[in-house]
Amino acid sequence: MCGRASLTVNEAELEERFDSDFYSEDLERYNPIPNYNIAPTHFLPLLIDKHPDQFQIYRWGLIPFWSKDIKIASKMINTRVETILEKPYFKTAVQSRRCIVPLDGFYEWHKTESGEKHPLRIQVKSEKIFATAGIYDSWRSPDGSLLNSFSILTCPSNEFMKPIHDRMPVILSRQAEKWWLSPENTWNDILGLMVPYESDDMKAYRVKELVNQVKNNSAELLEPYESNN
């Protein structure tokens, strides 16, 4: 599961990395970055298959178009790639509503032999922005307003992640990003992308327990934990 993450860059860095642009009014309205402690319900910049050259601001926690209310979003922050074709809704979503969710880290809590849980920040070794695969939808509330939302795809963990957690987000290689977003590609075309990222290109370090509280959101969360012992 991926339930907490970070994107600590500014819009200019994202625009350069993905060769895509922001709408200035979206940045002013949502102010989504930098975010050191991303959690479900937060708004994030995405690239969607319909407009791969323009960042869109979507809410984390998928709300299907047919949902009666917003509560379902808490159960839809992640979607398993192994079972994504088992239900018609998800099958359609992965065929026609694919997105990239940029991150520069995600958090997991490692359980020690003594039963303690220590927060770890996990990154690619370059410590730079990486692209995770997602699906999205648009939902209209009873009052008529439109809410765009997304879910991050997850897969079984690679060898690096297994001691930490049994699942991880689907991280796309630079070469796979455009392939994932291309509407011309079917699920069979992109199935090979739905695999664990290379273990040798990942790193993790323990961070302060400040990250445990979503209200804490500052650069201090990125600092390595230092024991007082």
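Sparse packing is recorded around CD of Glu184, with 12 or fewer heavy atoms of other residues, nucleotides or ligands lying under 6.0 Å away. Around the NZ atom of Lys50, the shell of radius 6.0 Å holds more than 12 heavy atoms that belong to other residues, nucleotides or ligands. In this structure, Asp69 places its CG atom where more than 12 heavy-atom neighbours from other residues, nucleotides or ligands lie under 6.0 Å away. The local environment of CZ in Arg206 is crowded, with over 12 non-hydrogen atoms from other residues, nucleotides or ligands closer than 6.0 Å. Remark: Glu198 CD is loosely packed, at most 12 non-hydrogen atoms of other residues, nucleotides or ligands lying under 6.0 Å away.
Counting only distance, with no hydrogens or angles, the side chain of Ser173 and the backbone of Ala176 share a donor-acceptor pair below 3.5 Å. A donor-acceptor pair is defined here as one N or O able to donate and one able to accept, closer than 3.5 Å; such a pair exists between the side chain of Ser74 and the backbone of Lys71. Looking only at distances, no side-chain donor or acceptor of Ser20 sits under 3.5 Å from a matching main-chain atom of Phe55. Of the possible polar contacts, one joining the Thr92 side chain to the Pro88 backbone as a donor-acceptor pair under 3.5 Å is found. Using modelled atom types, no side-chain atom of Gln54 and backbone atom of Pro52 make a donor-acceptor pair closer than 3.5 Å. Remark: the backbone N or O of Val101 is paired with a side-chain donor or acceptor of Thr132 at under 3.5 angstrom. A distance-only check finds a donor-acceptor pair linking the side chain of Arg98 to the backbone of Val94 [under 3.5 Å]. Although no hydrogens or angles enter the test, the distance criterion places no donor-acceptor pair under 3.5 Å between the side chain of Lys203 and the main chain of Val124. Remark: the backbone N or O of Ile122 is not paired with any side-chain donor or acceptor of Glu108 at under 3.5 angstrom. Proximity of a side-chain donor or acceptor of Ser199 to a complementary backbone N or O of Phe160 within less than 3.5 Å is detected.
Using a 4.5 Å heavy-atom cutoff, the side chains of Leu147 and Ile70 are in contact. Side-chain atoms of Ile63 and Ile72, non-hydrogen and from C-beta on, do get closer than 4.5 Å to each other. The closest side-chain heavy-atom distance from Val81 to Val170 is below 4.5 Å.
Minimum interatomic distance between Ala133 and Met194 (heavy atoms only, all atoms of both residues): CB-CE, 4.2 Å. Ile171 and Met202 get closest at one heavy-atom pair: CD1-CE, 4.3 Å. When all heavy atoms of Gln123 and Gly105 are compared, the pair lying nearest together is CG-CA, 4.2 Å. Closest heavy-atom contact between Leu46 and Pro102: CA-CD, 4.4 Å. Listed here is the closest heavy atom pair of Ala5 and Leu103: CB-CD2, 3.8 Å. Between Tyr225 and Lys208 the shortest heavy-atom distance is CB-N, 4.2 Å.
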Does the side-chain hydrogen bond (donor to acceptor under 3.5 Å, both in side chains) test come out yes or no for Thr154 and Arg167, once each step is laid out?
CA-CA 6 Å; Thr154 65; Arg167 299 196 67 77; 3.1 Å; yes
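Atom CD1 of Ile38 is separated from atom CG of Asn217 by 8.5 Å, given to the nearest 0.5 angstrom. Note that NZ of Lys68 is 13.0 Å distant from CH2 of Trp139, once rounded to the nearest 0.5 Å. Atom CG of residue Asn158 and atom SG of residue Cys155 lie 7.5 Å apart, to the nearest 0.5 angstrom. For the atom pair CD1 (Ile135) and CZ (Phe90), the distance works out to 5.5 Å, reported to the nearest 0.5 Å. Atom CG in Leu210 sits 11.0 Å away from atom CG in Leu222 (nearest 0.5 Å). One distance of note links SG of Cys99 with NE2 of His51; it measures 13.0 Å at 0.5 Å rounding.
No option in Asp137, Thr79, Asn78 other than Thr79 meets the side-chain hydrogen bond (donor to acceptor under 3.5 Å, both in side chains) test with Ser151.
With no hydrogens or angles considered, no side-chain donor-acceptor pair links Trp180 and Asp49 at under 3.5 Å. Using modelled atom types and a 3.5 Å distance limit, the side chains of Asp143 and Ser141 yield a donor-acceptor pair. Checking Asn37 against Asn216 by side-chain atom types alone, no donor-acceptor pair falls below 3.5 Å. For Asn148 and Ser138, the side-chain atoms include at least one donor-acceptor pair closer than 3.5 Å. In this model, no donor atom of one side chain and acceptor atom of the other lie less than 3.5 Å apart for Ser6 and Thr8.
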Under 3.5 Å, which donor-acceptor pairs do the side chains of residues 9-17 form with other protein atoms, sequence neighbours left out?
residue: Asn10; atom: OD1; partner: Ala12; partner atom: N; Å: 3.1
residue: Asn10; atom: OD1; partner: Glu13; partner atom: N; Å: 2.9
residue: Asn10; atom: ND2; partner: Glu13; partner atom: OE1; Å: 3.4
residue: Glu13; atom: OE1; partner: Asn10; partner atom: N; Å: 3.0
residue: Glu15; atom: OE2; partner: Phe22; partner atom: N; Å: 3.0
residue: Arg17; atom: NH1; partner: Glu177; partner atom: OE1; Å: 3.2
residue: Arg17; atom: NH2; partner: Glu177; partner atom: OE2; Å: 2.6

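In this structure, Trp66 has its ring center under 6.0 Å from that of Tyr89.
Aromatic ring pairs are classed by plane angle as parallel below 30°, tilted from 30° to 60° and perpendicular above 60°; the pair Tyr136 and Tyr58 is perpendicular. The aromatic rings of Phe130 and Phe106 sit perpendicular, their planes meeting at an angle over 60°, well past the 30° parallel limit.
In this structure, Arg121 does not pair ionically with Glu127, as no charged nitrogen and carboxylate oxygen lie closer than 4.0 Å.
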